[in-house]
2 protein chains.
Amino acid sequence: MARPPARTELHATVAARLRTDGQRVTASRTTLVDVLARARRPLTIPEIQARASGLATSSAYRNLLVLESVGVVHRIVTNGDHARYELAEDLTEHHHHLICSQCGAVEDVPASARLEQSVHKAADEIERHTGFRTQHHRVDLVGLCKRCA
Amino acid sequence: MARPPARTELHATVAARLRTDGQRVTASRTTLVDVLARARRPLTIPEIQARASGLATSSAYRNLLVLESVGVVHRIVTNGDHARYELAEDLTEHHHHLICSQCGAVEDVPASARLEQSVHKAADEIERHTGFRTQHHRVDLVGLCKRCA
DNA sequence: CTTTCTGCAAACGATTTGCAGCAGC
DNA sequence: GCTGCTGCAAATCGTTTGCAGAAAG
């Protein structure tokens with residue numbers, strides 16, 4: 001369970017959030033954060049287990065639930081069989097997803113400033129009209145990845 | 001299994017698509033389309049069954065799968081336990097979703113022209129940079145609905 | 001030392017599938 | 001009438017949960 005030096009700060013933040021919520025800092029949890037930080041896209045449980053050798057399935061699910069409740073991890077559901085997990089956006093960067101309709105691959109893309117502005121403007125208008133108070137948004141582009149095109 | 005006159009055209013289109021794919025036009029399928037057309041938001045299987053009395057669960061799933069493969073229905077997955085189904089956008093109108101993070105309710109909202117333009121521009125840029133060819137997109141605003149706010 | 005984690009195996013629940021009878025066309 | 005659709009009950013499979021032993025603090 002090696003911890004690359006460059007990620008020290010991330011792990012410190014995660015540890016702080018865990019302790020604040022009365023949760024323990026365990027090797028499994030540190031590894032999970034590490035795995036997600038290294039990936040440039042949301043991972044499924046099988047993908048996570050392939051990168052975190054020996055982690056029991058139930059522990060993976062339980063720890064990801066804990067990490068989510070502490071605001072470190074975000075769970076997303078696309079259309080594949082498995083849910084996907086990624087680090088919370090305040091630990092990484094705001095981004096959107098490219099989803100391949102053929103092979104199911106998911107990739108991160110940074111959000112353009114113009115698009116963000118349009119989304120916020122739309123959300124403001126919607127709140128005025130409907131009373132819906134937007135907390136965050138999700139933009140997915142569904143299409144064919146380079147390999148499937 | 002009454003069919004409101006105003007929906008005749010919709011049903012004709014659906015029937016045509018079914019026949020083109022060698023599928024039969026049955027009462028269950030007509031009812032399903034009717035139920036989805038009446039709702040102004042994507043419905044879960046239990047919600048659909050509540051509106052289509054006597055439809056077996058397995059038939060609901062099977063027929064929605066057929067309707068999806070024929071391009072009449074679109075299946076979406078939010079974060080609730082059940083998937084949701086709506087009519088394909090070329091049979092209704094392009095729209096986005098408001099998803100309540102508290103109660104899980106999903107509501108349709110028309111897409112603003114400005115936002116659409118921004119999304120398309122972003123998709124073009126992404127295709128130039130990464131080769132990803134966007135087919136369609138999804139914009140979800142996640143927040144608190146009026147009732148939960 | 002106490003309380004929380006962990007892995008294993010069993011339980012759950014949404015969705016899928018096998019089968020015998022009914023209905024499109 | 002032939003072929004595909006329907007409901008029922010059983011199977012699947014991702015995810016959750018109970019429990020006894022191990023580890024965090």
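From a predicted model like this one, the values you see are computed outputs, not experimental measurements. So that the names make sense, note that chain A is the first sequence line, chain B the second, and so on, each numbered from 1.
Listed here is the closest heavy atom pair of A:T134 and A:A123: OG1-CB, 3.7 Å. Contact record, A:Y61 with A:H82: OH-ND1, 4.4 Å, taken as the closest heavy-atom pair.
Look at A:T26 and you'll find a side-chain N or O under 4.0 angstrom from OP1 or OP2 of C:dT6. Proximity of B:N63 to the phosphate of D:dC5: no side-chain N or O atom is located under 4.0 Å from OP1 or OP2.
Rounded to whole Å, atom P of C:dG7 lies 15 Å from atom OH of A:Y61. Spacing between atom CG of B:L18 and atom P of D:dC5 amounts to 9 Å, rounded to whole angstrom units. Nucleotide D:dT16 holds its P atom 9 Å from the CG atom of B:D81, rounded to whole Å. Atom-to-atom, CZ of B:R29 to P of D:dC5 comes out at 5 Å; the value is rounded to the nearest Å. We find that CG of B:L55 is positioned 14 Å from P of D:dC5, with the value rounded to whole Å.
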Check the pair A:L43, A:R51 against side-chain contact (heavy atoms from CB on, under 4.5 Å), reporting the backbone distance first and the verdict last. CA-CA 10 Å; A:L43 300 179; A:R51 291 164 174 73; 3.9 Å; yes
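A:G54 comes within 4.0 angstrom of sugar-phosphate atoms only, judged by non-hydrogen atoms across all strands, and of no base. In this structure, A:S59 reaches the bases: a heavy-atom distance under 4.0 Å links it to at least one base atom across the strands shown.
The side chain of A:H82 lies closest to D:dG14 when the candidates are C:dT6, D:dT16, D:dG14. Listed nucleotides: D:dG7, D:dT15, D:dC5. Nearest to the side chain of A:R75: D:dT15. Side-chain proximity of B:A56 to the nucleotides C:dT6, D:dT15, D:dG7 is greatest for D:dG7. For A:Q23, the listed nucleotide lying nearest its side chain is C:dC5; candidates were D:dG7, C:dC5, C:dT15. Distance from the side chain of A:S58 is smallest to C:dG7 among D:dG7, C:dG7, C:dT16.
Counting atom types as modelled, A:R84 pairs no side-chain N or O with a base atom of D:dG14 as donor and acceptor under 3.5 Å. With hydrogens and angles left out, the side chain of B:R19 and the base of C:dG24 share no donor-acceptor pair within 3.5 Å. For B:R62 and D:dG7, a side-chain-to-base donor-acceptor distance below 3.5 Å is present, hydrogens and geometry of angles not being considered.
Comparing B:R24 and B:I45, the nucleotide of DNA chain C nearest to each residue sits closer to the 5' end for B:I45. Projected onto DNA chain C by closest heavy-atom contact, B:V25 and B:P46 fall at different nucleotides, the more 5' of which corresponds to B:P46.
A side-chain hydrogen bond (donor to acceptor under 3.5 Å, both in side chains) with B:H95 is found for exactly one of B:R41, B:E86, B:R40, namely B:E86.
For B:H96 and B:H137, the ring centers are positioned less than 6.0 Å apart.
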